[in-house]
Amino acid sequence: MSVDISAPIGIFDSGFGGLTVARAIVDQLPGEDIIYLGDTARAPYGPRPIAQVRQYALACLDALVDMGVKALVIACNSASAAVLADARERYSIPVVEVIFPAAHRAVRVSRTGKIAVLSTQATATSGAYNDAVAAAVGVELTTAVCPRFVEFVEEGITGGEELLHAAQEYLAPVIESKADTVILGCTHYPLLSGVISYVLGDDVTLVSSAEECANAAYAVLADHGLLRSETTGHRRFLTTGNPQRFELIASRLLGDFVSADTVGGKLSYEHIKVEP
Ligand code: DGL
């Protein structure tokens, strides 16, 4: 396999959530170019059947591979759960996903073995987190599905009474389970970590699938000799929806990270048509 070390890293999510992974990757590797693809026209993925998530996700990943990326980061738990095995066989470049890195970290940091994962319906139905912790001794995993969280984020909402009430409802079983470690098992959720930790309290450790995925991406690039030494730091944001709206919501959620004024390299927002 010959991969161009100066090619961009391809990062994919259903919408805005994967930007939390992209930001964590750029924090660690500011010189790398990234192409981010958000399938906002078809988000949310969470309520969809796994077969459909798989079809949409593979079409988006194919589009990134056709653009010549040097590695793929599936910055979406729902898509990771649906396509991981296929993606590693389908592409000749390294593929990084979000679920195993987060599950691994949670198992390491939990003192009691009582772990909870907050996720979309698709991720919960797949059982991917249960599989990921299955080999760990003494772990009890509670799953809480938080469907409206993604809707709030896709609208750029990270505060307010309605969100607080939804969080109190979704997190009640997690509090009940006495989990000491909670995995944010959807890349949209780190954008809601304020309300989530407010409801769960200080004693609970939050594990972000976004941060862990970024660490895994660094490790995979290093292992394959794909970390570049020269710096450009171009960021290209592609959306299957409206690029103006994407830029507006992305800047509301992530501020400087997605703003042209603060980026050394080039930054663009573009529409992409992806036919599943
Ligand atoms: N950010 C995604 C995840 O990690 C998907 C959210 C959605 O589209 O429902 O699961």
Side-chain angles (χ1 to χ4, degrees), residues 10-25 36-61 72-84 87 95-103 105-106 116-132 143-158 163 166 170 182-193 196 206-214 216-217 237-241 245-246 249-250 253-254 274 276:
I11 306 172
F12 158 68
D13 179 44
S14 62
F16 297 100
L19 291 172
T20 59
V21 178
R23 178 171 58 187
I25 289 176
Y36 180 92
L37 198 167
D39 192 9
T40 43
R42 285 174 278 261
Y45 279 7
R48 297 181 184 278
I50 289 279
Q52 195 174 43
V53 173
R54 183 177 173 282
Q55 188 193 9
Y56 293 168
L58 288 176
C60 291
L61 294 168
L72 281 173
V73 178
I74 308 177
C76 173
N77 289 259
S78 312
S80 293
V83 306
L84 185 62
V95 179
V96 180
E97 59 89 39
V98 266
I99 293 176
F100 276 89
R105 172 68 55 199
V117 58
L118 314 181
S119 78
T120 65
Q121 188 61 58
T123 301
T125 307
S126 75
Y129 273 97
N130 297 75
D131 294 345
T143 302
V145 173
C146 312
R148 292 189 63 213
F149 278 180
V150 171
E151 291 169 26
F152 283 113
V153 171
E154 291 289 310
E155 291 301 319
I157 298 168
T158 56
L163 172 61
Y170 295 149
V182 172
I183 304 168
L184 304 179
C186 169
T187 53
H188 283 65
Y189 300 172
L191 294 162
L192 304 178
S193 57
I196 293 170
L206 299 184
V207 172
S208 157
S209 57
E211 284 292 330
E212 299 311 323
C213 176
F237 297 101
L238 309 178
T239 168
T240 53
R245 182 174 183 276
F246 191 90
I249 303 279
L253 294 168
L254 290 121
V274 177

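Every number for a ligand or one of its atoms is a count from 1 in the order of the listing. Every heavy atom of this structure was used, including side-chain atoms; hydrogens, water molecules and symmetry mates were not.
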Checking [X] side chain against [Y] main chain: does a donor-acceptor pair fall under 3.5 Å?
X	Y	value
Y36	G18	yes
T240	A41	yes
Q121	R48	no
T123	S78	yes
Y170	R148	yes

(message) Would T120 count as being in polar contact with ligand 1, using the rule that some N or O on each side must be under 3.5 angstrom apart?
(response) no

(request) Give yes or no for whether the N/O distance cutoff of 3.5 Å, strictly under, is met between G46 and ligand 1. (result) yes

At a 4.0 Å threshold, what atoms of ligand 1 neighbour a non-hydrogen atom of [X]?
X	answer
S78	3 (C), 5 (C), 10 (O)
P44	7 (C), 8 (O), 9 (O)
C76	2 (C), 3 (C), 4 (O), 5 (C), 10 (O)

Where does [X] meet ligand 1, judged by heavy-atom distances below 4.0 Å: at the side chain, the backbone, both, or neither?
X	value
T187	both
S14	side chain
D13	side chain

(request) Identify the two heavy atoms, one from I157 and one from L192, that lie closest to each other, and give their separation to 0.1 Å. (result) O-CD2, 3.8 Å

(request) Give the ring-plane orientation class for F149 versus Y189, where under 30° counts as parallel, over 60° as perpendicular and anything between as tilted. (result) perpendicular

(request) Could you find the nearest protein heavy atom to atom 1 (N) of ligand 1 and give me its residue, atom name and distance? (result) H188 ND1, 2.7 Å

(request) For atom 7 (C) of ligand 1, grab the closest protein heavy atom and report residue, atom and distance to one decimal in Å. (result) Y45 N, 3.3 Å

